[in-house]
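The figures that follow rest on heavy atoms only: side chains count, while hydrogens, waters and symmetry mates do not. Since this is a predicted model, take the numbers as computed values, not measurements.
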Amino acid sequence: MTRHKFHLLLLAPLLVTSASFAANPQKPAISEIAAGLLSIKIDGMQDLPISGLKMVKTGEQTVFISSNGRFALTGGKLMDIWTQQEIKDLPDIDKIANRIDLSRMKLNVDDLGPVTIGHGKTSVLVFIDPRCPYCGKVMKDLQALQDQYTFKLVMVPILGPESQNIVVQLACQLGSSDTKLKDAVRDRLLKQDYIGLPTEPPSQCNKEPLQKAVVTAKLFGLQGVPFLIAPDGRTHSGAPEVLADWLANKPHEAAQTTAPVTPKPEKKP
């Protein structure tokens with residue numbers, strides 16, 4: 001059974017029952033249901049980036065909200081809470097739901113403690129784990145694009161305790177007022193060279209930017225790294241084969257990508 005036919009079977013009884021009930025409260029005959037299954041025409045179908053729904057009851061009002069708090073179904077309308085836009089038609093899924101518009105969210109990326117590379121007019125947000133090899137590919141590729149874009153690299157430790165120590169150590173150094181120390185952090189990331197970093201937690205460190213970075217990554221539903229957000233809001237999980245092409249939104253780039261690195265499941269004792 002194809003995917004579209006499966007959805008058709010799910011939708012048909014609901015549509016036929018609703019139509020029949022409005023005209024005749026009696027239970028429709030089997031022949032009518034069969035006819036309805038054959039007559040329904042689906043003009044289009046598009047997946048929504050929703051991992052689950054929660055029902056929220058407030059007084060007399062009931063609202064269904066996605067698990068990440070982004071989408072809400074209320075009063076017969078599907079709203080993107082982050083951008084305050086209504087999703088009305090299939091093209092809206094790509095224009096609104098499948099993008100993250102940082103400007104509409106009023107998210108200050110600098111609050112996430114990013115490492116900034118480049119000086120272009122438009123910004124690209126990149127979530128990375130310092131030990132991720134595909135993140136290394138993205139960081140290598142972006143160095144040739146520093147005149148066109150400003151890249152904001154946000155560290156999130158998804159690859160275990162070793163990554164967590166590296167991220168904490170580098171994030172604490174970024175909080176320093178020492179410019180040379182900040183430059184050293186950037187160089188370590190670009191070269192993925194973490195030899196000589198302390199293994200003990202820093203005695204003094206402002207971990208608030210790192211905490212905000214982790215919360216933001218969860219809010220965005222980040223499943224692996226690298227995770228990129230282009231200036232126009234398009235997102236990409238994994239390393240684009242040609243970073244410049246993906247940023248320029250060249251159609252053929254969609255088929256060329258490197259899968260993201262995802263955290264390994266924890267072993268239960």
Side-chain angles (χ1 to χ4, degrees), residues 1-25 27-28 32-33 36-37 39-109 111-112 125 127 154 156 158 211-225 227-230 232-238 254 260 262-263 265:
M1 181 182 294
T2 66
R3 186 179 184 184
H4 280 205
K5 288 182 180 178
F6 177 71
H7 282 285
L8 181 67
L9 292 177
L10 289 177
L11 289 171
L14 295 176
L15 295 174
V16 172
T17 302
S18 299
S20 300
F21 184 79
N24 185 353
K27 185 177 179 179
E32 293 177 359
I33 296 178
L37 286 170
S39 64
I40 291 175
K41 180 179 180 296
I42 296 178
D43 294 322
M45 193 174 295
Q46 179 75 292
D47 289 333
L48 274 166
I50 297 177
S51 57
L53 287 176
K54 298 181 184 297
M55 178 186 286
V56 179
K57 188 76 173 178
T58 169
E60 297 297 321
Q61 187 177 16
T62 299
V63 181
F64 293 92
I65 300 178
S66 61
S67 56
N68 67 347
R70 178 173 185 181
F71 301 102
L73 184 61
T74 176
K77 294 182 179 181
L78 180 61
M79 300 294 299
D80 180 350
I81 302 300
W82 293 357
T83 63
Q84 294 297 304
Q85 292 177 283
E86 182 181 358
I87 299 172
K88 299 179 180 180
D89 207 346
L90 293 177
D92 293 339
I93 304 297
D94 181 60
K95 294 179 181 178
I96 301 173
N98 286 336
R99 301 188 182 216
I100 298 178
D101 191 334
L102 298 174
S103 62
R104 283 181 174 269
M105 291 182 68
K106 303 187 186 303
L107 173 67
N108 186 353
V109 175
D111 289 342
L112 310 181
L125 179 58
F127 287 90
V154 175
V156 287
I158 73 166
Q211 292 168 347
K212 288 182 178 180
V214 172
V215 170
T216 302
K218 290 182 178 179
L219 182 69
F220 288 166
L222 189 141
Q223 299 294 321
V225 287
F227 182 80
L228 300 83
I229 303 178
D232 62 0
R234 287 177 296 112
T235 64
H236 195 292
S237 187
T262 57

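When side chains are defined from C-beta on, Ile65 does not count as touching Phe71, because their heavy atoms never get closer than 4.5 Å. At least one side-chain heavy atom of Leu107 sits under 4.5 Å from a side-chain heavy atom of Phe220. Contact check for Arg70 versus Ile100: side-chain heavy atoms found under the 4.5 Å cut-off.
For the pair Gly224 and Ser237, the tightest heavy-atom approach, listed with the atom from each and the gap, is O-OG, 4.4 Å. In plain terms, the two heavy atoms of Val156 and Ala213 that are nearest each other are CG1-O, 4.0 Å. The nearest pair of heavy atoms linking Ala72 to Val63 is CB-CG1, 4.0 Å. Among all heavy-atom pairs drawn from Glu60 and Lys57, the shortest one is O-NZ, 4.1 Å. Closest approach of Arg99 and Asp232 over heavy atoms only: NH1-O, 3.4 Å. Heavy-atom minimum distance, Val225 versus Phe127: CG1-O, 3.7 Å.
Summarising the geometry, atom CG belonging to Leu222 is positioned 6.5 Å from atom CD1 belonging to Ile158; distances are rounded to the nearest 0.5 Å. Distance CG/Asn108 to CG/Leu112: 7.5 Å, rounded to 0.5 Å. The CG atom of Leu125 sits 11.0 Å away from atom OG1 of Thr235, with the distance rounded to the nearest 0.5 Å. Interatomic distance, Leu78 CG to Glu86 CD, rounded to the nearest 0.5 Å: 8.0 Å.
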(message) Could you go through Met105 and Leu219, starting from their C-alpha distance and side-chain angles, then the distance that decides it, and tell me whether this counts as side-chain contact (heavy atoms from CB on, under 4.5 Å)?
(response) CA-CA 12 Å; Met105 291 182 68; Leu219 182 69; 4.2 Å; yes

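A donor-acceptor pair under 3.5 Å is absent between the side-chain atoms of Asp89 and the main chain of Pro91, judged by distance alone.
When the shell of 6.0 Å around NZ of Lys77 is examined, it contains 12 or fewer heavy atoms from other residues, nucleotides or ligands.
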